[in-house]
Amino acid sequence: MVKYFLGHSVLRSSWDQVFAAFWQRYPNPYSKHVLTEDIVHREVTPDQKLLSRRLLTKTNRMPRWAERLFPANVAHSVYILEDSIVDPQNQTMTTFTWNINHARLMVVEERCVYCVNSDNSGWTEIRREAWVSSSLFGVSRAVQEFGLARFKSNVTKSMKGFEYILAKLQGEAPSKTLVETAKEAKEKAKETALAATEKAKDLASKAATKKQQQQQQFV
């Protein structure tokens with residue numbers, strides 16, 4: 001039994017811009033779980049396609065119930081191999097990724113195709129497929145459900161990170177992270193509360209002065 005995922009996304013940037021941003025995605029505020037990236041092989045084929053293989057290291061926090069099944073010294077990092085084929089003539093980029101450790105617990109394989117959007121040539125379309133499998137006897141279904149949910153969450157983060165880097169490369173102000181937005185909202189709330197307090201004090205002072213003046217008129 002394998003869990004399958006199919007998704008389509010659109011980046012409002014040209015294929016050339018997305019191709020350039022792809023190699024500069026890390027680090028970004030939305031991919032803090034990506035620890036390292038290394039190019040282990042690269043070549044240009046006779047038909048002018050770029051082939052690359054990268055090794056990525058990511059954090060790999062297991063669900064609590066799964067931690068009980070593995071020794072405490074099991075690595076909490078997962079190693080990912082990423083093969084990519086770039087075809088500049090047809091403006092396509094295809095990537096294949098899969099984990100090379102923790103395979104007994106779970107294997108996540110992903111295939112992405114980046115191409116020019118059919119409705120807008122200035123945009124880039126991403127077709128994403130993933131297969132989540134587990135050979136862990138007795139709990140394979142639970143592991144697959146967990147893996148699929150985490151994968152979907154990581155896709156959202158990945159797209160946010162892509163948009164962040166694209167904006168940065170294009171000289172635009174990168175969109176604020178959730179933490180930055182929350183911090184600004186908190187500071188604004190403090191300023192509003194302080195202003196309201198000062199205004200209340202001022203009104204109270206004026207009211208007290210007016211009351212004192214009225215009392216003096218009756219003396």
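Remember, predicted model here, so these are calculated numbers, not experimental data. When reading the values below, keep in mind they use all heavy atoms of this one structure, side chains included, and skip hydrogens, waters and symmetry mates.
We find the CH2-OG1 distance between Trp15 and Thr92 to be 6.5 Å, quoted to the nearest 0.5 Å. Rounding to the nearest 0.5 Å gives a distance of 11.5 Å between CG of Asn120 and CD of Glu125. Annotation: the span from Lys157 atom NZ to Ser31 atom OG amounts to 8.5 Å, rounded to 0.5 Å. Taken from CD1 in Ile85 to CE in Met93, the straight-line distance is 11.5 Å, to the nearest 0.5 Å. Rounded to the nearest 0.5 angstrom, Ser77 OG and Leu56 CG are separated by 12.5 Å. Interatomic distance, Leu50 CG to Ser84 OG, rounded to the nearest 0.5 Å: 6.0 Å.
Counting only heavy atoms from C-beta outward, the side chains of Phe96 and Thr94 approach each other to under 4.5 Å. Side-chain contact check for Asp83 versus Trp98: some heavy-atom pair is nearer than 4.5 Å. Within the 4.5 Å cutoff, side-chain heavy atoms of Ile100 are placed close to those of Leu55. Looking only at side-chain heavy atoms (C-beta outward), Ile126 and Met159 come within less than 4.5 Å of each other. Taking 4.5 Å as the limit, every side-chain heavy atom of Thr59 sits out of range of all side-chain heavy atoms of Lys32.
When the side chain to side chain donor-acceptor pair (under 3.5 Å) test is applied to Arg42, the partners found at least two apart in sequence or on another chain are Ser52. Judged as a ring pair (Phe, Tyr, Trp, His ring centres under 6.0 Å), and not counting sequence neighbours, the contacts of Phe5 are Phe151.
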Is there a side-chain contact (heavy atoms from CB on, under 4.5 Å) between Arg127 and Leu6 once you walk through the steps? CA-CA 8 Å; Arg127 184 178 189 271; Leu6 173 63; 3.8 Å; yes
Check the pair Glu109 / Arg111 against salt bridge (Lys or Arg N to Asp or Glu O under 4.0 Å), numbers first and verdict last. CA-CA 7 Å; Glu109 300 169 285; Arg111 180 179 186 269; over 6 Å; no
Starting from the C-alpha separation in whole Å, work towards a yes-or-no answer on side-chain contact (heavy atoms from CB on, under 4.5 Å) for Asn154 and His33. CA-CA 9 Å; Asn154 287 341; His33 63 293; 4.2 Å; yes
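Screening residues 4-30 for salt bridge (Lys or Arg N to Asp or Glu O under 4.0 Å) gives Arg25-Glu82 as the qualifying pairs, with residues at least two apart or on separate chains.
Taking the six-membered ring for Trp and thresholds of 30 and 60 degrees, Phe19 and Trp23 have ring planes more than 60 degrees apart, a perpendicular arrangement. Classification of the Tyr114-Phe22 ring pair by plane angle, with boundaries at 30° and 60°, yields perpendicular. Aromatic ring pairs are classed by plane angle as parallel below 30°, tilted from 30° to 60° and perpendicular above 60°; the pair Tyr164 and Tyr30 is perpendicular.
Side-chain contact of Gln144 with Ser134: a donor-acceptor pair under 3.5 Å is absent, judged by distance alone.
Just one of Val132, Val143, Val108 meets the side chain to side chain contact (heavy atoms under 4.5 Å, CB included) condition when paired with Lys3; it is Val132.
Residue Glu43 places its CD atom among more than 12 non-hydrogen atoms of other residues, nucleotides or ligands, all under 6.0 Å distant.
Across Ala103 and Ser135, no two heavy atoms sit closer than the pair O-OG, 4.4 Å. Of all heavy-atom pairs spanning Ser14 and Gln17, the tightest one is N-OE1, 3.0 Å. Listed here is the closest heavy atom pair of Asp119 and Asn117: N-OD1, 2.9 Å. The minimum heavy-atom distance linking Met106 with Gly147 is given by the pair SD-CA, 3.4 Å. Shown here for Trp123 and Val10, the closest heavy-atom pair between the two residues is CE3-CG1, 3.7 Å. Residue Thr124 comes nearest to Ser13 through the heavy atom pair OG1-O, 2.8 Å, listed as atom of the first residue, atom of the second, then distance.
Looking only at distances, no side-chain donor or acceptor of His102 sits under 3.5 Å from a matching main-chain atom of Tyr79. Put simply, the side chain of Asn99 gets close to the backbone of Asn101: a donor and an acceptor are under 3.5 Å apart.
Val116 and Leu166 fall within a single hydrophobic cluster, where Ile, Leu, Val, Met, Phe, Trp and Tyr side chains are chained together by heavy-atom contacts under 4.5 Å.
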